Amino acid sequence: MSDPNGRSDHAFPEAQREGLYRAIFERRDVRSQFRPDPIPPEVLARLLEAAHHAPSVGFMQPWDFLLIDSREVRERVHDIFERENARAAEAHSGERGALYRRLKLEGILESPLNLCITCDRERGGEHVLGRQSIVEMDLFSTCLAVQNLWLAARAEGIGVGWVSILDQQDLAEVLGLPAHVYPLAYLCLGYVDDFLDGPELARAGWRQRLPLADRVHGNGWQAPPADAALTRAVDALAPRQ
Ligand SMILES: Cc1cc2c(cc1C)N(C[C@H](O)[C@H](O)[C@H](O)COP(=O)(O)O)c1[nH]c(=O)[nH]c(=O)c1N2
């Protein structure tokens, strides 16, 4: 049931809804604003609980959370990043290459805690409900745990940075992962001096947010929706940063 302005009987009160949208729109990927202060265990527990309540294909819950606070391990991971980032930089030349080389793309050593969220590709056995047709659904499910944690962290005032410029084999070896456990997300966590008011890559001039209206299609790729009012509604959306 919904009221005339489309609000469901099950909607949260305005202030709670605002809190959720604030976490979504103010979440940032953090690389350089980390403070050294440790995250209290009870706060970290809330973040992991949020991650663990993500949806997952066939309720597989394929994720594990490796809490990495060893300086020695983080230095080994940072070495992997350095090698991979040097390789990635070779793909860009001229001004773009100079801009790439100026970008800070990790906070592995500055953040007080690193967190690797893995995906156990064998969890739930051979026939996981919903995974027969598209076998990557365990990876996609694990990504949702990452985003739950990322939004919960923003609500707690904790910064998160995802570092993917890493050789997966080398990372798996450093972390001692079994062959069937996929290192899906390597995250840097910590309190921050501040949250930027927009994506750092946009501020640096690397790439801007695409207009939402161009991303919305109807009943097929670039087909119009049946109800033109829907398109007008999306077009009317104020472009966010
Ligand atoms: C799967 C995946 C992987 C990465 C990222 C994100 C995601 C989703 N991002 C962060 C990314 O650059 C950032 O999300 C966008 O620039 C948008 O900025 P906000 O997250 O809105 O601040 C990211 N950032 C970075 O500095 N180094 C990295 O290796 C990565 N890798």
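Please read all numbers here as calculations on a predicted model, not as lab measurements. Just follow the structure's listing: the first ligand is 1, and inside any ligand the first atom is 1. Values below: every heavy atom of this structure, side chains too, minus hydrogens, waters and symmetry copies.
For atom 16 (O) of ligand 1, the nearest protein heavy atom (residue, atom name, distance) is L201 CD1, 3.6 Å. Atom 18 (O) of ligand 1 has its closest protein heavy atom at P199 CB, 3.3 Å. For atom 24 (N) of ligand 1, the nearest protein heavy atom (residue, atom name, distance) is D29 OD2, 3.1 Å. Taking atom 3 (C) of ligand 1 as the reference point, the nearest protein heavy-atom neighbour is S164 OG, 3.6 Å.
Polar contact with ligand 1: present for R27 (N/O pair, distance under 3.5 Å). Residue contacts with ligand 1: E106 is placed with no nitrogen or oxygen under 3.5 Å of a nitrogen or oxygen of the ligand (distance criterion only).
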For this session: Apply salt bridge (Lys or Arg N to Asp or Glu O under 4.0 Å) to R31 and E106, showing your working.
Result: CA-CA 5 Å; R31 297 116 171 143; E106 54 76 34; over 6 Å; no
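Surrounding CD of E42 are more than 12 heavy atoms belonging to other residues, nucleotides or ligands, all under 6.0 Å away. Within 6.0 Å of atom CZ in R22, 12 or fewer heavy atoms from other residues, nucleotides or ligands are found, so the atom counts as exposed in its surroundings.
Selection from W150, W206, W162 by nearest heavy atom to atom 28 (C) of ligand 1 gives W162. Of the candidates V30, L184, L105, it is L105 that places a heavy atom closest to atom 27 (N) of ligand 1. Considering only non-hydrogen atoms, atom 12 (O) of ligand 1 lies nearest to R31 out of R207, R31, E200, E26.
With a 4.0 Å cut-off on non-hydrogen atoms, R28 touches ligand 1 through its backbone as well as its side chain.
Summarising the geometry, atom CZ belonging to R46 is positioned 10.0 Å from atom CG belonging to L44; distances are rounded to the nearest 0.5 Å. To the nearest 0.5 Å, atoms CG (D138) and SG (C119) are separated by 3.5 Å.
D170 and R83 are joined by a salt bridge, as a carboxylate oxygen and a charged side-chain nitrogen come within less than 4.0 angstrom of each other.
Here is the list of ligand 1 atoms found below 4.0 Å of a heavy atom in I165: 29 (O). Annotation for ligand 1: atoms under 4.0 Å from non-hydrogen atoms of V163 are 28 (C), 29 (O).
Contact between L144 and P55 at its shortest, heavy atoms only, is CD1-CG, 3.6 Å.
Stacking of R96 on the aromatic ring of W206 is recorded, both the 6.0 Å distance cut-off and the 45° axial limit being met.
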